[in-house]
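One structure is given here, and the rest of the page talks about it.
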Amino acid sequence: MSLRLYNSLTNSKEDFVPIEEDTVGLYSCGQTIYEDMHVGNAKTYAAWDILNRYLTWKGYDVFHVMNITDVGHLTDDADEGEDKVEKAAREKKLEPMELVTRQVRKWYREMNALNMKVHNINPRATGHMVEMIEAVKSIIENGYAYERNGTVYFDVTKFAQDHGYPILGKRTVDSLEVGAGGRVSEDKLSEKRSPYDFALWIKAEPEHLMKWPSPWSLGYPGWHLECSVMAAKYLGEQFDIHTGGVDHIFPHHPNERAQNMAMSCTGGEPVRYWVHSAHITVNGEKMSKSKGNFYTVEELLENYDPAVIRTFFASIHYRSQSDFSLEALEESKKRLERFQNTLRTADSWDGGDRDSLEDLMKWIRKEFEKAMDDDLNTPLAMSKLLEFAGHINKSQDDRKEILGRATELLKELLEVLGIPLDPGQDNMVDGGEYIDLLLEIRQRLRENGEFALADIIRDDLAKRNVVVEDTPEGARWRMR
RNA sequence: GCUGGGGUGACAGAGAGGCCAAUGUGACCGCCUGCAGAGCGGUUUCCCGUGGGUUCGAUUCCCACCCCCAGCUCCA
């Protein structure tokens with residue numbers, strides 16, 4: 001069975017066939033690191049994390065590159081306004097690189113907490129200045145860029161004549177409304193040959209802090225350039241999958257693609273599959289700071305187990321606009337608990353002599369793969385796993401060995417969805433032995449019919465987030 | 001205006017031309033429990049935005065209409 005992915009270049013689901021058998025080059029547009037990661041960012045990164053894990057699970061050797069933008073992303077119109085990093089640094093009274101260092105460190109911490117697989121490379125724009133300048137040079141040499149007052153623009157019209165300029169899909173440049181956002185100012189428009197032209201290299205204003213010498217001016221690179229250059233450097237002139245948020249369908253990715261083609265001039269497609277994830281809304285509305293529906297990962301991690309957050313991400317489809325809310329997160333928590341309960345309960349069983357799960361294991365592997373092969377249908381995969389968990393719950397009489405393999409399989413597949421399960425948690429809690437002691441006392445009370453006292457112990461432990469569950473095999477507890 | 005995605009049972013959210021519409025949450029009943037929880041069983045909900053068409057048969061295909069969301073150089 002093979003994976004089918006929705007390719008924005010053709011607007012259709014296509015069979016995924018890697019360039020080289022068994023290996024996959026994957027590039028994901030990462031974050032401009034001037035502020036904290038929010039749920040929306042995390043949702044998108046989780047999608048690529050699942051893609052990476054799934055491909056790996058299917059036996060591919062995945063090389064995953066995700067960039068970190070630390071210069072060149074402007075706050076305002078294309079090629080105008082302030083550099084986002086500089087602006088944020090100034091507000092916080094930090095050196096730009098100090099802010100970047102700080103944010104990058106935090107970013108890694110949060111990515112790690114969210115159980116994101118470590119990427120092979122996280123290249124940064126500032127570390128690739130030489131390569132970017134070389135790229136601009138070759139684009140000029142190839143006739144697809146021109147300089148105006150120290151700033152170098154990409155000549156979209158020329159490029160479109162020679163190679164076409166599909167906007168990753170059916171649209172063309174002509175269908176765009178010039179300055180639809182009403183943010184492109186007159187003088188920049190007059191400097192460009194065409195309003196669609198975008199900057200490769202930008203001459204720095206005197207007060208600009210982050211700037212580098214180049215043949216054209218003391219300046220800095222345009223935002224789109226870094227991804228072209230770093231992707232080509234680490235994954236080659238042509239690679240398999242390039243991912244990003246829907247917002248990159250235009251202009252970031254078409255520009256990136258055009259740059260790559262203009263750089264090499266082989267005319268070939270630099271990327272085989274362009275994959276984009278939809279943005280989430282929060283409480284039904286577009287997330288924004290002013291609406292007060294803006295959640296950072298840091299905030300969420302204060303109140304929620306990362307596994308809950310990952311369960312939420314796995315429960316939605318990466319290409320569907322989905323709504324995030326604390327209620328939705330609560331439901332994800334319940335869903336996760338169902339899995340955890342199954343694993344915990346099944347582990348405590350002694351087992352019998354049946355083998356009903358044997359066939360069901362074959363079934364779930366097939367169903368899981370079928371769902372995931374269909375453009376990473378994680379909601380469907382998730383529902384199948386829940387069904388499988390339900391089957392395990394009914395298989396108390398299966399052989400112990402089979403039960404063990406079934407729970408391992410469940411964990412394995414959940415891990416492909418990025419959901420971590422750590423069943424050993426209970427015993428690692430500080431003071432666990434005292435809880436055991438209390439429960440032993442409670443058991444004696446129960447045997448003597450002193451239920452009121454027994455309940456006091458249970459209720460009190462509950463207040464301390466210790467959930468006590470009585471089972472035929474005795475009392476069991478876990479942290480909530 | 002252009003482009004894309006949607007409208008499914010109380011809610012969230014899958015699905016497929018027919019195998020009487022997954023899964024989770026909520027509610028209710030039962031089993032199990034001293035009670036609770038977890039688990040199990042059952043109930044709660046279907047002709048799936050509206051109107052046409054194609055078909056032996058459509059919620060799934062086609063057409064029209066209504067509504068919603070997103071993008072169109074800030075954004076994952």
Side-chain angles (χ1 to χ4, degrees), chain A residues 8 11 28-32 35 37-48 73-81 84 167 169-172 174-184 195-196 198 223-224 243-252 254-255 276-281 284-288 311 315-323 325 327-328 330-338 340-342 344-346 367 371 374 377-387 389-390 392-394 396 446 449-452 454-455 458-459 462 467-472 476 478:
Chain A
S8 302
N11 268 333
S28 300
C29 277
Q31 199 165 338
T32 302
E35 62 180 11
M37 197 193 316
H38 60 242
V39 240
N41 297 318
K43 177 259 178 191
T44 297
Y45 306 146
W48 314 143
H73 200 165
L74 306 183
T75 53
D76 215 50
D77 311 325
D79 318 328
E80 285 190 75
K84 289 186 171 189
I167 304 199
K170 299 186 190 91
R171 302 185 68 194
T172 57
D174 312 321
S175 67
L176 294 174
E177 200 177 322
V178 176
R183 289 183 288 246
V184 182
Y196 307 116
F198 56 91
W223 173 44
H224 312 301
T243 69
V246 274
D247 49 301
H248 288 162
I249 290 178
F250 183 80
H252 187 52
N255 287 170
H276 294 99
S277 80
H279 285 183
I280 50 171
T281 53
E285 288 185 305
K286 212 178 139 168
M287 178 167 51
S288 76
T311 301
S315 302
I316 59 181
H317 184 75
Y318 80 96
R319 236 157 25 78
S320 303
Q321 275 167 37
S322 306
D323 192 52
S325 63
E327 293 75 55
E330 284 299 330
E331 203 203 302
S332 294
K333 187 174 176 180
K334 300 255 175 64
R335 210 179 277 235
L336 174 68
E337 278 170 0
R338 239 178 112 70
Q340 291 169 331
N341 286 333
T342 293
R344 204 180 19 250
T345 317
E367 290 296 317
D374 184 15
N377 193 338
T378 55
L380 185 58
M382 189 70 125
S383 80
K384 296 295 176 191
L385 292 183
L386 282 159
E387 259 186 83
I392 295 180
N393 290 337
K394 280 176 262 188
Q396 182 155 16
R446 290 178 67 211
E450 299 200 51
F451 297 117
D455 288 349
R458 186 173 63 193
D459 295 346
V467 181
V468 176
E469 291 169 359
D470 294 315
T471 75
R476 203 166 54 201
R478 66 189 161 90

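Numbers restart at 1 for each chain; the letters A, B, ... are given by sequence-line order, proteins then strands.
- Under the 3.5 Å distance criterion, with hydrogens and angles disregarded, a donor-acceptor pair is assigned to the side chains of A:R344 and A:N341.
- Nucleotide B:rG37 holds its P atom 9 Å from the CZ atom of A:R458, rounded to whole Å.
- Contact annotation: the side chain of A:V246 never approaches that of A:Q321 to less than 4.5 Å [non-hydrogen atoms, C-beta and beyond].
- Residue A:G390 is classed as a sugar-phosphate contact, given heavy-atom separations below 4.0 Å to backbone atoms only.
- Salt bridge absent: A:K84 and A:E35 never bring a charged side-chain N and a carboxylate O closer than 4.0 Å.
- A straight line from CZ of A:R478 to P of B:rA38 spans 8 Å, rounded to a whole angstrom.
- Inter-residue side-chain proximity for A:K334 and A:E330 is flagged as unmet; no heavy-atom pair is nearer than 4.5 Å.
- A donor N or O paired with an acceptor N or O is not found under 3.5 Å between the base of B:rG37 and the side-chain atoms of A:D470.
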Quiz item: In B/S/- notation, 5' to 3', how is nucleotides 10-19 of chain B contacted by protein heavy atoms closer than 4.0 Å?
Solution: ----SS----

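- One finds no side-chain N or O of A:K333 lying less than 4.0 angstrom from the OP1 or OP2 phosphate oxygen of B:rG24.
- With sequence neighbours excluded, no residue forms a salt bridge (Lys or Arg N to Asp or Glu O under 4.0 Å) with A:E327.
- Dashed line: the shortest gap from a side-chain N or O of A:R338 to OP1 or OP2 of B:rC40 is under 4.0 Å.
- Within 4.0 Å (heavy atoms only), A:G449 reaches no atom of the nucleic acid at all.
- Distances were taken from every side-chain heavy atom of A:T471 (C-beta onward) to each of B:rU23, B:rG37, B:rG39; the shortest belongs to B:rG37.
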